[in-house]
Asks: 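Pasting in a structure now, in structure tokens, and then I'll have a few things to ask.
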Amino acid sequence: MKLVVVGGVAGGASAAARARRLSESAEIVLIERGRYVSFANCGLPYYIGDEIKQREKLIVTTPQRLKDRFRVDVRTQTNAIEILRSEKKIKLQNQETGETVLESYDKLILSPGAAPLRPVFPGHDLPNVYTLRTLEDVDRIRTLVDSGIRSAVVVGAGFIGLEVVENLVHRGVQTSLVQLTDQVLGTMDKEMTVPIERQIRERGVQLFLGTTANRIEPMVDGKVKVCLDCGTEIVTDMVLLGIGVRPESQLAVQAGLEVGPRGGIVTNEFMQTSDPDIYAVGDAVEVEDFVLKSRAQIALAGPANRQGRIAADHAFGRSISYRGTQGTSIVRAFACVAAATGATERTLIRCNVAYEKVYLHPAHHAGYYPGAQGMSIKLLFAPDSGKVLGAQIVGGEGVDKRIDVLAMAIHAGMTVFDLEEVELAYAPQFGSAKDPINMAGFIASGVLRGDHPVAHWSQVISDPDAIVVDVRDPAEYSAGHYPRAIPLPVDRLRCSLDQLPKDKPIYVYCQVGQRGYIATRILLQHGFAVKNLSGGYKAYQLVAPTGG
């Protein structure tokens, strides 16, 4: 068996190493167009910010290590320029000498990755306009930051954009962040990004939403001027474009392999392309969305690693299949951590999938133990079975732990009833006896059982006749409340029932939802048509037209 792998980093290097573990006799060739066969893409922003101080820490493995440990024929600075499928050969070109050779293969794994999008507007190719994808990119940016630049503009507020902004601010660089849509972090629903945007602004970053750059002009002093659609002009030392990536699928297209409408190489559950002897993995491929069962392109390191292993397994006769990508991700923006898994509400609506949702705002560990930090959780689930469809969490400590539990719940096909019962580790410095995961299950299960009917603030805000009752204490009400809310504290609610109509829908809320739940149970049993506003006043502050 001769296996040729095109592209290293997460997918390709994993495939080559896995192939050797499966077969000592196979001939394995790894082709990489860059000088580095495997490096930590996700660590690049933190090298800019000097959180990672040693550049060599970014090198995951070297060509020599792959040769010595796995007996892989590694050829760096080599381009794969054509696949001759009928001959089962691939044409390679050495970048240094220009020499081309034909390499035969029995099985071929493509891991070409994705390239940063660089919009074609005037000035996009000026010397101090950068993208961040490779070690060479980070070397150029780090050198510029080390030289003492004072300002930067980041265009694009996805993972890379947010991480670069955080690290530039850590280095004392005055930074502006520009995003075409009306929110940062498009992998989450809009209301869940409000705390992230608040954190960004509090750190002195100028945040421009709903606009983008339409040209960049050079200045006489070596700076550039970034001109935005909204009319704002920003003079700066550096621009970083982080507006997304496109699959590097040209080699597959030239070979006549099937690609999707967005350029992703189409693969089956074994990572095979439309040619059964050619596999594709990583950021360049189109796979199945685990929750929605539709086709998707999701560029994440974890899935790329697993895809590389599965492609190698199948090439050597094993039938392990890829189960799909559910998009589990996490990012830090200063003191704010944002994480998501599974479907968002936006994608469920677009795909016409029925769903229910709840919000909750628990602490990450027992409130009586010092240092408890709050988090906001949005849980999406099927209204019939209660199957967990997606989750998003924003907070500080403990977000990573809870999103991983929910990611596993989705992968296992669990329901919100399962979340009620799941047993998680507890000590006061780590969690609560009723963990946030259990609390999400209690709330969602109560909705499905009819014990706890909920409504959402979007319904109330759009209904001028809605009767809204604030069941918090008077001091909380005075500190801020929904404009049309009637104050009736939950502890005095039973004495105030005559103040509420039984012939109209009533919506109750507290600060985060628990007292609203108690009020809902009281009013339901006294014959009122009542719903608890999910997530309470804290959720209102996320969706209020003026930001609460």
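None of these values were measured; they are calculated from a predicted model.
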Asks: When you compare the side chains of Thr143 and Asp146, does any donor N or O come within less than 3.5 Å of an acceptor on the partner?
Replies: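 Per modelled atom types, Thr143 and Asp146 side chains form no pair under 3.5 Å.
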Asks: For the residue pair Phe290 and His411, categorise the inter-ring angle as parallel (less than 30°), tilted (30 to 60°) or perpendicular (more than 60°).
Replies: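 The rings of Phe290 and His411 lie parallel, inter-plane angle below 30°.
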Asks: Is a side-chain donor or acceptor of Thr344 paired with a backbone partner of Thr347 at a separation under 3.5 angstrom?
Replies: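 Between the backbone of Thr347 and the side chain of Thr344 there is a qualifying donor-acceptor contact (under 3.5 Å).
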Asks: Side-chain contact test, heavy atoms from C-beta onward, threshold under 4.5 Å: evaluate it for Leu110 versus Ile83 and give yes or no.
Replies: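 Result yes, sub-4.5 Å side-chain heavy-atom pair found.
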Asks: Would Thr181 and Gln179 count as having a side-chain donor-acceptor pair, cut-off 3.5 Å?
Replies: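 Short answer, yes.
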Asks: Please check if atom NZ in Lys57 has more than 12 non-hydrogen atoms from other residues, nucleotides or ligands closer than 6.0 Å.
Replies: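 No, the 6.0 Å shell around NZ holds no more than 12 heavy atoms from other groups.
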Asks: Looking at Gln392 and Ala340, what are the two nearest heavy atoms and their distance?
Replies: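 Taking every non-hydrogen atom into account, CG-CB, 3.9 Å.
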Asks: In this structure, are over 12 heavy atoms from other groups packed under 6.0 Å from Lys387 atom NZ?
Replies: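 Counting other residues, nucleotides and ligands, NZ of Lys387 stays at 12 neighbours or fewer.
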Asks: Where is the tightest heavy-atom contact between Val266 and Gly260, given as atom of each residue plus distance?
Replies: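 Val266 and Gly260 have their closest heavy atoms at CG2-N, 3.6 Å.
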Asks: Decide salt bridge (Lys or Arg N to Asp or Glu O under 4.0 Å) for Arg35 and Glu136; before the verdict, give the C-alpha distance in whole Å, the side-chain angles of both, and the deciding distance to 0.1 Å.
Replies: CA-CA 9 Å; Arg35 290 189 297 135; Glu136 289 82 4; 3.7 Å; yes
Asks: Are the side chains of Arg21 and Phe316 in touch, meaning some heavy atoms are under 4.5 Å apart?
Replies: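 They are not in side-chain contact.
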Asks: Examine distances only and state if a side-chain atom of Glu32 and a backbone atom of Gly8 form a donor-acceptor pair shorter than 3.5 Å.
Replies: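 Present.
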Asks: Quick one: OG1 on Thr131 to NE2 on His124, what's the gap to the nearest 0.5 Å?
Replies: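 The OG1 atom of Thr131 sits 10.5 Å away from the NE2 atom of His124.
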Asks: So which atom in Pro436 and which in Ile377 form the shortest heavy-atom distance, rounded to 0.1 Å?
Replies: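 What the structure gives for the nearest pair is CB-CD1, 3.9 Å.
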Asks: Which atom pair, heavy atoms only, marks the closest approach of Tyr47 to Gln54?
Replies: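 The answer is CE1-C, 4.2 Å.
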Asks: Is it true that, when you exclude Glu56 itself, more than 12 heavy atoms of the residues, nucleotides or ligands shown sit nearer than 6.0 Å to its CD?
Replies: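 Buried by this count: over 12 neighbours within 6.0 Å.
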Asks: Run the side chain to side chain contact (heavy atoms under 4.5 Å, CB included) check on Arg171 and Leu168 step by step: do they pass?
Replies: CA-CA 5 Å; Arg171 295 294 303 273; Leu168 288 174; 5.7 Å; no
Asks: Working to the nearest 0.5 Å, report the span between CG of Asp50 and CD1 of Ile48.
Replies: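 Answer for the CG-CD1 pair, Asp50 versus Ile48, is 11.0 Å.
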Asks: Report yes if the side chains of Leu177 and Leu162 come closer than 4.5 Å at any heavy-atom pair, otherwise no.
Replies: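 Leu177 vs Leu162: side chains touch.
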Asks: Roughly how far, to the nearest 0.5 Å, is the CG atom of Asp418 from the CD1 atom of Ile437?
Replies: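 Reported value, rounded in 0.5 Å steps: 12.5 Å.
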Asks: Rounded to the nearest 0.5 Å, what separates atom CG in Leu58 from atom CG in Asn41?
Replies: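 Going from CG on Leu58 over to CG on Asn41, the span is 9.5 Å.
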Asks: For Glu197 and Val184, indicate whether the former's side chain and the latter's backbone hold a donor-acceptor pair under 3.5 Å.
Replies: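 Yes, the answer is positive, given that a donor and an acceptor are paired below the 3.5 Å cut-off.
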Asks: Considering only NZ, NE, NH1 and NH2 on the basic side and carboxylate oxygens on the acidic side, decide whether Lys357 and Asp189 come within less than 4.0 Å.
Replies: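 Asp189 and Lys357: not salt-bridged.
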Asks: Does a side chain donor of either Asp68 or Gln64 reach within less than 3.5 Å of an acceptor in the other side chain?
Replies: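 Distance-only check passes for Asp68 and Gln64.
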Asks: Going by the side-chain contact (heavy atoms from CB on, under 4.5 Å) test, name the single residue among Val129, Val239, Asn214 that passes it with Val226.
Replies: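 The residue from Val129, Val239, Asn214 that satisfies side-chain contact (heavy atoms from CB on, under 4.5 Å) with Val226 turns out to be Val239.
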Asks: Verify, without hydrogens or angle tests, whether Glu166 (side chain) and Phe334 (backbone) share a donor-acceptor contact under 3.5 angstrom.
Replies: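 Present.
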Asks: Please test Asp277 against Arg85 for salt bridge (Lys or Arg N to Asp or Glu O under 4.0 Å), starting from the C-alpha separation and ending with a verdict.
Replies: CA-CA 9 Å; Asp277 291 322; Arg85 287 170 56 192; over 6 Å; no
Asks: How long is the straight-line distance from CG of Leu207 back to CD of Gln183, given to the nearest 0.5 Å?
Replies: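 Between Gln183 CD and Leu207 CG, I get 11.5 Å after rounding to 0.5 Å.
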Asks: Between Gln199 (side chain only) and Ala335 (backbone N and O only), is there a donor and an acceptor less than 3.5 Å apart?
Replies: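 Yes, Gln199 side chain to Ala335 backbone: donor-acceptor pair under 3.5 Å.
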Asks: For Thr100, does its backbone N or O pair with a side-chain atom of Lys91 as donor and acceptor, under 3.5 Å?
Replies: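 No; zero donor-acceptor contacts below 3.5 Å.
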Asks: Measuring from Arg133:CZ to Ile160:CD1, what's the distance to the nearest 0.5 Å?
Replies: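 Separation between the atoms: 7.5 Å.
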Asks: Do the side chains of Thr267 and Tyr279 get nearer than 4.5 Å, heavy atoms only?
Replies: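 Of all side-chain heavy-atom pairs linking Thr267 with Tyr279, none is under 4.5 Å.
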Asks: Any heavy-atom pair between the side chains of Arg75 and Val29 that's under 4.5 Å?
Replies: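 Of all side-chain heavy-atom pairs linking Arg75 with Val29, at least one is under 4.5 Å.
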Asks: State, to 0.1 Å, how close Ala339 and Val399 come at their nearest heavy-atom pair, and which atoms those are.
Replies: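 Heavy atoms only, the tightest pair is CB-CG1, 3.7 Å.
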Asks: Looking only at atom types and distance, does a side-chain atom of Ser445 sit under 3.5 Å from a main-chain N or O of Val416, one as donor and one as acceptor?
Replies: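 Side chain of Ser445 to backbone of Val416, a donor-acceptor pair under 3.5 Å: yes, one is there.
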Asks: In plain terms, say whether Arg118 and Asp125 are close enough for a salt bridge, that is, a side-chain N and a carboxylate O under 4.0 Å apart.
Replies: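 Between Asp125 and Arg118 there is no salt bridge, as every charged N stays at least 4.0 Å from the carboxylate O atoms.
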Asks: Would you please test Asp137 and Arg140 for salt bridge (Lys or Arg N to Asp or Glu O under 4.0 Å) and show each step?
Replies: CA-CA 5 Å; Asp137 292 335; Arg140 289 189 287 267; 2.7 Å; yes
Asks: Would you say Thr273's side chain and Asp275's backbone share a donor-acceptor pair under 3.5 angstrom?
Replies: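 Pair found, side chain donor or acceptor close to backbone of Asp275.
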Asks: Are Asn128 and Asp237 side-chain neighbours, meaning at least one heavy-atom pair lies under 4.5 Å?
Replies: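 No, side chains not in contact.
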Asks: Indicate yes or no for a side-chain donor-acceptor contact from Ser111 to the backbone of Gly12 under 3.5 Å, with no hydrogens or angles considered.
Replies: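 Indeed, once roles are kept as given, a pair shorter than 3.5 Å links the two residues.
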Asks: Take atom CZ in Arg332; do more than 12 heavy atoms of anything else shown fall under 6.0 Å from it?
Replies: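 Correct, the count exceeds 12.
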Asks: Using side-chain heavy atoms (C-beta onward) and a distance below 4.5 Å, is Val145 in contact with Arg142?
Replies: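 Not touching, per the 4.5 Å side-chain cut-off.
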Asks: Using a strict 4.0 Å threshold on nitrogen-to-oxygen distance, state whether Glu258 and Arg295 make a salt bridge.
Replies: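 No salt bridge links Glu258 with Arg295.
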Asks: Would Met238 and Ile141 satisfy side chain to side chain contact (heavy atoms under 4.5 Å, CB included), going step by step from the backbone distance to the final call?
Replies: CA-CA 9 Å; Met238 182 192 91; Ile141 296 170; 4.1 Å; yes
Asks: Could you report the tightest heavy-atom contact between Arg20 and Arg71, atom names first, then the distance?
Replies: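 Closest pair (atom of Arg20, atom of Arg71, distance): NH2-O, 2.9 Å.
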Asks: Show your working on salt bridge (Lys or Arg N to Asp or Glu O under 4.0 Å) between Glu248 and Arg246 and close with a plain yes or no.
Replies: CA-CA 6 Å; Glu248 293 268 39; Arg246 58 170 176 79; 3.6 Å; yes
Asks: Under 3.5 Å, side chain of Glu163 to main-chain N/O of Pro45, donor-acceptor pair present?
Replies: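 A pair under 3.5 Å: no.
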Asks: Begin with the C-alpha distance, continue with both residues' side-chain angles, and end with the deciding distance and a verdict on side chain to side chain contact (heavy atoms under 4.5 Å, CB included) for Phe381 and Leu448.
Replies: CA-CA 10 Å; Phe381 52 97; Leu448 296 186; 3.7 Å; yes
Asks: Leu292 and Leu348: side chain to side chain contact (heavy atoms under 4.5 Å, CB included), yes or no, with the steps?
Replies: CA-CA 8 Å; Leu292 300 173; Leu348 292 171; 3.8 Å; yes
Asks: Cys336 versus Val394: any side-chain heavy-atom pair under 4.5 Å?
Replies: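 Result yes, sub-4.5 Å side-chain heavy-atom pair found.
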